[in-house]
Structures are given as C-alpha cells and as structure tokens.
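First comes the structure, then the notes that go with it.
Residues: numbered from 1 along the sequence shown.
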Amino acid sequence: MHQPPTFEVDGDAIREERMRAGVEIADMAARAGLSRRYLSHLETGSRRRMRPGRYAALREALDVIDDRLLATDQKETE
C-alpha cells in the first residue's frame with residue numbers, strides 16, 4: 001500500500017517555537033487549523049509524523065521559515 005509523504009517533526013522544537021511566540025497550545029492549534037490534542041501529541045513526541053499540508057500550516061502559524069521543526073535525522077537527509 002502506498003503511504004502519503006510525511007515529515008518527521010521534533011516535538012521539543014515545536015514547543016520551543018510556540019513558547020517563544022508566547023502562545024498557548026490551544027491558540028496555536030487554532031491558528032494552524034489543528035486540534036489541541038494533535039498539537040499536544042506532536043509536542044510530547046507521542047506523534048512524530050505530519051502530512052505536508054498540516055506541516056506547512058504549523059510552520060506558517062509559528063512563523064518558521066526553515067527546517068528547525070524537523071527531526072534531526074530528517075534534516076540530515078534533505
């Protein structure tokens with residue numbers, strides 16, 4: 001079965017960027033069009049993969065233009 005492309009993300013980096021922006025998790029989730037629970041799972045690392053559209057929306061909401069939200073091993077392969 002074909003799997004859609006995904007990005008492996010670094011939950012700690014997501015949380016750091018959100019906190020740097022001074023935004024609560026529920027507000028950031030709303031800005032990115034994600035559920036609070038989904039964003040929480042990403043930040044805690046219980047979920048590590050995102051589809052491209054969601055990843056792009058989160059990057060835009062966090063105002064991140066580089067690959068700092070990606071997991072370290074994915075940064076090295078790109």
Original post:
Hey, what do you get for CG (Leu58) to CD1 (Ile14), rounding to the nearest 0.5 Å?
Top reply: 5.0 Å
**OP:** Please list all pairs passing the ring-ring contact (aromatic ring centres under 6.0 Å, His included) test where one or both residues lie in residues 53-73, with sequence neighbours left out.
**Re:** Phe7-Tyr55
Original post:
So, the side chain of Thr44 versus the backbone of Ser40: is there a donor-acceptor pair under 3.5 Å, distance only?
Top reply: yes
**OP:** Using a cut-off of 6.0 Å, state whether more than 12 heavy atoms not belonging to Arg59 lie near its atom CZ.
**Re:** yes
**OP:** List for me each residue that meets side-chain hydrogen bond (donor to acceptor under 3.5 Å, both in side chains) alongside Glu17, sequence neighbours excluded, and say none if there are none.
**Re:** Arg20, Arg68
Original post:
Taking side chain as C-beta onward, heavy atoms only, is Leu69 less than 4.5 Å from Leu62?
Top reply: yes
**OP:** Decide if atom CG of Asp66 counts as having more than 12 heavy atoms of other residues, nucleotides or ligands within a radius under 6.0 Å.
**Re:** yes
**OP:** Write out all pairs satisfying ring-ring contact (aromatic ring centres under 6.0 Å, His included) with one or both partners inside residues 22-47, taking only residues at least two apart or from two chains.
**Re:** none
Original post:
Which value, rounded to the nearest 0.5 Å, describes the distance between Glu8 atom CD and Thr72 atom OG1?
Top reply: 9.5 Å
**OP:** Calculate, to the nearest 0.5 Å, the distance between atoms CE and CG belonging to Met50 and Leu70 respectively.
**Re:** 10.5 Å
**OP:** Give the minimum heavy-atom separation between Ala32 and Ala57, together with the two atoms involved.
**Re:** O-CB, 3.4 Å
**OP:** For Arg51, enumerate each residue passing the side-chain hydrogen bond (donor to acceptor under 3.5 Å, both in side chains) test, keeping only those at least two apart in sequence or located in another chain.
**Re:** none
Subject >> Shortest non-hydrogen separation from Pro5 to Pro52 and the atoms involved >> reply: O-CD, 3.1 Å
Subject >> Which residues share a side-chain hydrogen bond (donor to acceptor under 3.5 Å, both in side chains) with Arg18, sequence neighbours left out >> reply: Glu43
**OP:** Could I get the full list of salt bridge (Lys or Arg N to Asp or Glu O under 4.0 Å) partners for Arg15, not counting sequence neighbours?
**Re:** Asp12
